[in-house]
Structures are given as structure tokens and as C-alpha cells.
Amino acid sequence: MDILEGLNLVQREAVETIKGPLLIVAGPGSGKTRVITHRVAYLVKICGINPRCIMAVTFTNKAAREMKERIRYLLGQLSEGLSIGTFHATCSHILRRDGKEIGIDPSFVIYDDEDQLRLLKYSLQDLKLDPRQNVPRAILSAISGAKSQLLDPNHYASQTHSYFEEVVARVYKHYQELLSQSKALDFDDLIMSTVRLFNVCPVVLNRYQSRFIYLLIDEFQDTNVAQYRLAKQLAAKSHNICVVGDPDQAIYSWRHADITNILSFEKDFPGCKVVYLEQSYRSTRTVLRAARRLISADQQRRGIRWKQQLLKKTELWTENDEGLPITVVEAYNAEEEARFVVQEVEHLREQGVAMPGECAVMYRTNAQSRTVEEACIRYGLSYKLVGALRFYQRREVKDVIAYLKLIHNPYDTASLMRVINVPARGIGKHTVEELFGWTKAQGISLYDGLKVIAHQESEPSLSHRSTQSLANLFYLLQDLVQESKELDVRALIDVVLERTGYERYVRDGKDGEERWNNIRELSAVAQQMLNYQGVAQEDSLATFLEGVSLVSDIDNLEEENEAVTLITLHQAKGLEFPVVFIIGMEEGLLPHMRSLSDKVQMEEERRLCYVGITRAQRLLYLVYAHYRNLRGDKFTHPSRFLEDISDNFIMTKLCCP
């Protein structure tokens, strides 16, 4: 296969530029994934670079999986040895191998959002801080922001300027202590700890620098300070770093993404070459015209591009057809808005224009999905809701995974607290509180507390029945740990379900069959990993736990002809659909009310709308309601973004009867 076949001249230039730093500014639908995969294939097949010397990093498992599949198609067996994955997965692998150099146990568990929140609430409890006055979610976000800036608890505490920040500093310190006691890392720790490892262990850094001579980073505009620091550490020796991104699609500042990373890349890497991918292969000319008009009004963009020589004023263009006009729809209220969308999807199917599975309904906030869901149910239209309760967040699935985490790492406090009395084993709330307080006073972990009680070395002031139940739990966990050494993860799940009584507990409870089917699905996931990833028995538990910890909302989004996709604009980034409906095109929703008094946030809202528009391949509907019940009944005003893209030649206006 000719690696360069089918590439346009600019794409070919990006693929063939293999020495030194390279910035690829890639507009929506311009073939950036194609360029990345062909560039990797070019390095291996044409330039003879060992696949083990190439690392490609992206932000979602779905994107990484697609990248692997495309490269495998181009290279076949030559693709073996490539390192392709998300930032978090890549750092997890590094820390499991070398984290011991900075005191990280190789058997660490990864805490997801729910685990983090539970641990943070324990921190508030220990510090005697009222969660009603100190909102756990806000504190957790502040801690995440600190970690994304590479600020440890001491550094963060040294620069506090408000009472809230002082509270965050206290909680942050204790939260990290509990994480360490649990031998656990949260998502932000994975990046921050890897950067710290490379800072304090130059020998380890040199080993990775010598191995990964070529570094590629996708969606670079979404990186935060810690991720960019990591990239600079890895590329400091070879300088062969290629980053791909688009400042016009920078929409994750609330996740602490820093747009200045892509804007300062050329300055940080002297001699950097910049390539602009401006030809779109996704959308019609009409859709692109609307997108250009919207983004050209971005005041922040104008300022950046006037001040920075890095980015010229790119203009997306396409050789695709003109396409049909964009349809702007005014509905009376949210219910009529939803009814229009559902009926229009059915109309498109009847006319043979598009199947429901080719349609996506996008919105600014999750709450907006309710009326669309109800309309889908009322009219019998199948739908899939992205961002709803995910499979790995379901109670029974989380319970089984918690047991597996405990077997892998008995010091995992969050998992132990989750299943300490599930199924019921005589360890009530009072017993748990006494145990928690006693272990804290003793300066030991919960697991060590169970061990002390089981060996009758000491015990809290509890009844004989309670202490016996705690001792029995310790021996159960100890037995499961021993059995795990002889079993793969699929067989281990069966043993856990039997030995803990969890199978009977689920099947005899409410919605028992449905919940049991979810557990069987989890078991099937484990079997699939064993079948297709070739994981050794002794590594299967750790590999499985890492995989389920790093899965994200859109990783398992699959195409289905009969189901329309309901998805937020933030989650839609990186996807494309033949037909797109953007609902709630109103002031206060898009742009969101929180951004109305903040110029920087307002322009991010504009970029978010731009992302939504450029997901559409053929048809685009922009829908707003005249009246909406959102935090109280009120009349609304059409979004200012509609005025920015208004053009009599490309848009029509339809009012629902």
C-alpha cells in the first residue's frame, strides 16, 4: 500500500515532515486522524523507524482504539510495539513500572469520580467541616485544578487568597493522605505523579526519552499545564514532537484545559514547522459557511491571531456539494421543540433522507434531554442517551469491581467502605463509624484495622458480634487474595460472586434479573479481554481494573440505524453525524447564563456552538423555544449566535404550528 495515496498536498506535507517539532492546525473534518495514522505508518514503513520508538497520545479510549485500527490496517504486523493510548492510560503504565521510585505501590488502584467524591467526603468528616457549607463537588474541582497546574498541597496552601481556598488547602492535604493510605491515585495524580517521577528520577526520564524518539499528541488544544509539561519532558531530547489541534475547538477550560499551550508551542519549540489543514471532507458548503460566520465573530480569536504570528486566519473550505439550507426552527416551548425534533426524524426516515441512527440531538446542558426523551417514548422512537448512567457506574457493577479492587489492593479505603456490609454481614453504620474513628486514632488503615481485630491484637469498643463480623470479612478478603493468584479475572469474578454471596443477594433483590444480567455482561467484558488482548493470567486482574477505571462516556458509543443519539455539545466533540439538531439556541442556554458577563467564557460558548455546527455532514437544524420552564417559567430570546450566522441565502425559518 502507498502510504501517501489519497492524501492532499497539505496532508502529505504533514506526513512527510518527520524531523523536529511540528504543529498541525486541523479544522473540523480536515482529516487529522488520517494524517496522524499515515504519519505513524510513514515513519515505520518508509523511514524504517522501530515501532517501539513511537508514542501517540490522545484523550479518549475511543479515539485511541480508532487510531490503532487504522494503523493496523496500514501496517499489519508492523504495528506491533507501537505505544498508542490516552494520557491517563500511558501514565498509568509508566507508574506501574517505575512509580516505586517515588513511593507509588505498583498495585495502586485508580479512583474514578465517584470514588474521589466519597473519599473527599471522608476528608470533610475527619476535618469536621460541614458539607452543606463546603460543597464537596466544588472542593474536588478546585483540587483537580491545582493538580492540573502541578500544585501539590503545600504549594497550593502557600498561595491561598480566600477562605474557600484555605478550606480547599486543608481538605486537599488530608484527601491526599487518604489516597496514599489507600494506595490509590485519582485521574489527575496519574499525570502529576508521572511529571514528578521524571523530575526527581532523571535516569527514568532518560530511559523513556531514549525509547520514544517520536511523540504525537492529538487534540492538543485540550491539554492542561501538567500534560504539556509531560510532553515537553518526553520530547526534550529528540525534539521530534508532533501536535495536532485547533484553537477554534478549545471548549474544555472547565476541565482546566489551557489554550495557551497550543499558542505558545512555536515559541517553546524553536524551529517548529506549522501546517494548516483547511480542506474539510465532512460538511456541505452551507454548513461550513455558517460555521465560518460564527467563529469569525470570536473577539478572543481576533485578538489572539492579531497578536500571535503562530496562527493565520484559517478559512475552512470544501469541495463537497452546496447542500441544503440550514433550518432555523422557532418552537413555542421545550415540549414543542422536542416534538418537532422527533417528528422531523420520522419525516427524514419516511422520505429516505436519513435513518434515525444517522441523527443526533445536541444540547448545552444534560437537563435538556428530558423533554426529548419523553417525546421519543411517546412517539415510539428509539434513542441512546450518551452521558446517562454508564454501565460501569451501575450499582451492582461498581460493587463487583470494588471487590476486585480490594483483592488487587486490600488497602483501597473507598472500595472497602463500599462493600463492607454488602451483602449484609452484620456490620452496621454504627460499627463502621466506630471502626473508622478507631483506625484513625491508631494511625492505621482500615484494612490493617481489620487485620488487628481478626488476630485479636486489639479491638475497638464494639460488641462481640460486630468484631466477629469484621474478622470474618478480613479472612474472606485474605482467602480471595490467595485464590486470585491461581485464577484469571474471569474465573475470579465467579469466585467472588459465590464466596461473598453477592449472586444470591442480587438475584433475590429488586430488579434482580436485570442487575444479574449486568454482572454477566461484566464477566463477558473480562472474557473478551482474555480472548482478544492476550493478557497473561497473573496480569489479568490489574489489566482489567485499569481498563474499566479509564473508560469514558463515549468510548462505547456504537452506530445503530434505529436509535437517534442524544448528547451534550461537549461530548459530541470528535464525532460526526449526517443530521444534527442543536436545541436550546437561546440566550441563557447557548450561550449559557454563567458566561453572559464574562467575555472569555462567552467566546468559549461560541466555540462550543461552532463544534456543534461542524458535527453536521449534510443537514443542520438550529432550534429555539419562545418560552421555557428553566429555573422558573420565562420568555426567552434567540441566541446571539443565530444572528451572527444569519444569511438569507443559506438559512430558512420554520415556525412550528
Side-chain angles (χ1 to χ4, degrees), residues 105 107-109 111 115 118-119 122 181-184 395-436 438-439 442 444-460 462-509 512 515-516 518-520 522-523 526 537-538 540-542 544-545 548:
D105 192 299
S107 65
F108 68 84
V109 293
Y111 275 10
D115 296 328
R118 182 181 290 109
L119 203 66
Y122 294 152
Q181 189 179 83
S182 301
K183 297 184 181 179
R395 179 158 56 97
E396 59 276 9
V397 174
K398 287 280 289 183
D399 287 346
V400 175
I401 290 174
Y403 273 113
L404 295 176
K405 283 183 174 181
L406 278 174
I407 294 168
H408 180 62
N409 171 16
Y411 292 91
D412 179 356
T413 299
S415 293
L416 180 54
M417 292 295 284
R418 181 181 185 90
V419 298
I420 195 167
N421 198 41
V422 179
R425 50 175 62 92
I427 305 175
K429 182 179 179 181
H430 173 71
T431 300
V432 171
E433 290 175 350
E434 287 291 324
L435 175 66
F436 205 93
W438 177 71
T439 54
Q442 297 292 314
I444 59 177
S445 69
L446 283 180
Y447 178 71
D448 283 333
L450 294 181
K451 185 177 182 180
V452 168
I453 291 170
H455 293 165
Q456 298 182 342
E457 297 169 4
S458 178
E459 61 184 52
L462 293 170
S463 68
H464 174 74
R465 179 183 176 188
S466 295
T467 54
Q468 189 60 49
S469 296
L470 292 170
N472 290 341
L473 176 59
F474 170 77
Y475 289 121
L476 170 63
L477 292 177
Q478 194 173 54
D479 289 347
L480 289 172
V481 169
Q482 284 301 119
E483 293 198 51
S484 71
K485 297 175 182 179
E486 307 295 330
L487 301 170
D488 62 43
V489 66
R490 169 65 179 80
L492 182 60
I493 290 174
D494 288 342
V495 170
V496 167
L497 293 171
E498 179 185 354
R499 292 291 307 278
T500 63
Y502 197 83
E503 177 180 350
R504 183 171 59 258
Y505 165 73
V506 166
R507 302 189 79 162
D508 291 346
R515 295 177 64 201
W516 175 242
N518 288 333
I519 292 174
R520 291 177 64 187
L522 180 69
S523 184
Q537 175 186 299
E538 61 271 20
S540 65
L541 178 57
F544 177 75
L545 290 174
V548 299

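Along the sequence shown, the residues carry numbers beginning at 1. When reading the values below, keep in mind they use all heavy atoms of this one structure, side chains included, and skip hydrogens, waters and symmetry mates.
For the atom pair CG of Leu480 and CZ of Arg499, the computed distance is 5.5 Å after rounding to the nearest 0.5 Å. To the nearest 0.5 Å, atoms CD (Glu503) and CZ (Arg520) are separated by 10.0 Å. Atom-to-atom distance recorded for Gln482:CD and Leu487:CG is 11.5 Å, nearest 0.5 angstrom. Put simply, CZ on Phe544 and CD1 on Ile493 are 4.5 Å apart, with the number rounded to the nearest 0.5 Å. Here the CG-CD distance, from Leu450 to Gln478, works out to 11.0 Å after rounding to the nearest 0.5 Å. Atom-to-atom distance recorded for Ser466:OG and His430:NE2 is 7.5 Å, nearest 0.5 angstrom.
For the pair Val452 and Trp438, the minimum side-chain heavy-atom distance is below 4.5 Å. Taking 4.5 Å as the limit, every side-chain heavy atom of Arg118 sits out of range of all side-chain heavy atoms of Tyr111. Glu483 is not listed as a side-chain neighbour of Val496, based on a closest heavy-atom distance of 4.5 Å or more. Contact check for Leu435 versus Ile427: no side-chain heavy atoms found under the 4.5 Å cut-off. Side-chain contact between Asn421 and Thr431 is absent, with no heavy atoms from C-beta onward closer than 4.5 Å. Contact check for Val419 versus Leu406: side-chain heavy atoms found under the 4.5 Å cut-off. Using a 4.5 Å heavy-atom cutoff, the side chains of Leu522 and Ile401 are in contact. Counting only heavy atoms from C-beta outward, the side chains of Ile407 and Leu541 approach each other to under 4.5 Å.
Of the possible donor and acceptor atoms, one in the side chain of Asn472 sits under 3.5 Å from a partner among the backbone N and O of Gln468. Side-chain atoms of Arg425 come within 3.5 Å of backbone atoms of Ile420 as a donor-acceptor pair (strictly under, hydrogens ignored). Looking at Ser540, its side chain does come within 3.5 Å of a backbone N or O of Val489 through a donor-acceptor pair.
Ring pair Phe474/Tyr447 is tilted by interplanar angle, where 30° to 60° counts as tilted.
Of the charged side-chain nitrogens involved, at least one lies within less than 4.0 Å of a carboxylate oxygen, so that Arg490 and Asp494 count as a salt-bridged pair. Asp412 has no carboxylate O lying under 4.0 Å from a charged side-chain N of Lys183, or vice versa, which leaves the two without a salt bridge.
Few gaps surround CZ on Arg507; more than 12 heavy atoms of other groups in view lie less than 6.0 Å from it. By the neighbour-count criterion of 12 heavy atoms within 6.0 Å, atom CD of Glu498 is sparsely surrounded, having that number or fewer from other residues, nucleotides or ligands.
Across all their heavy atoms, Thr413 and Ser182 have their closest contact at OG1-OG, 2.7 Å. Contact record, Ala402 with Ser415: O-CB, 3.6 Å, taken as the closest heavy-atom pair. Residues Leu492 and Ser484 share a closest heavy-atom pair of CD2-CB, 3.8 Å. Heavy atoms only, all atoms of each residue included: Thr467 and Ile453 are closest at O-CG2, 3.7 Å. For the residue pair Ala454 and Ala471, the shortest heavy atom distance occurs at CA-CB, 3.8 Å.
Pairs passing the ring pair (Phe, Tyr, Trp, His ring centres under 6.0 Å) check and including a residue from residues 478-503, sequence neighbours excluded, read Tyr502-Tyr505.
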Kindly indicate, with the supporting measurements, whether the criterion salt bridge (Lys or Arg N to Asp or Glu O under 4.0 Å) is fulfilled by Asp448 and Lys451. CA-CA 5 Å; Asp448 283 333; Lys451 185 177 182 180; 5.4 Å; no
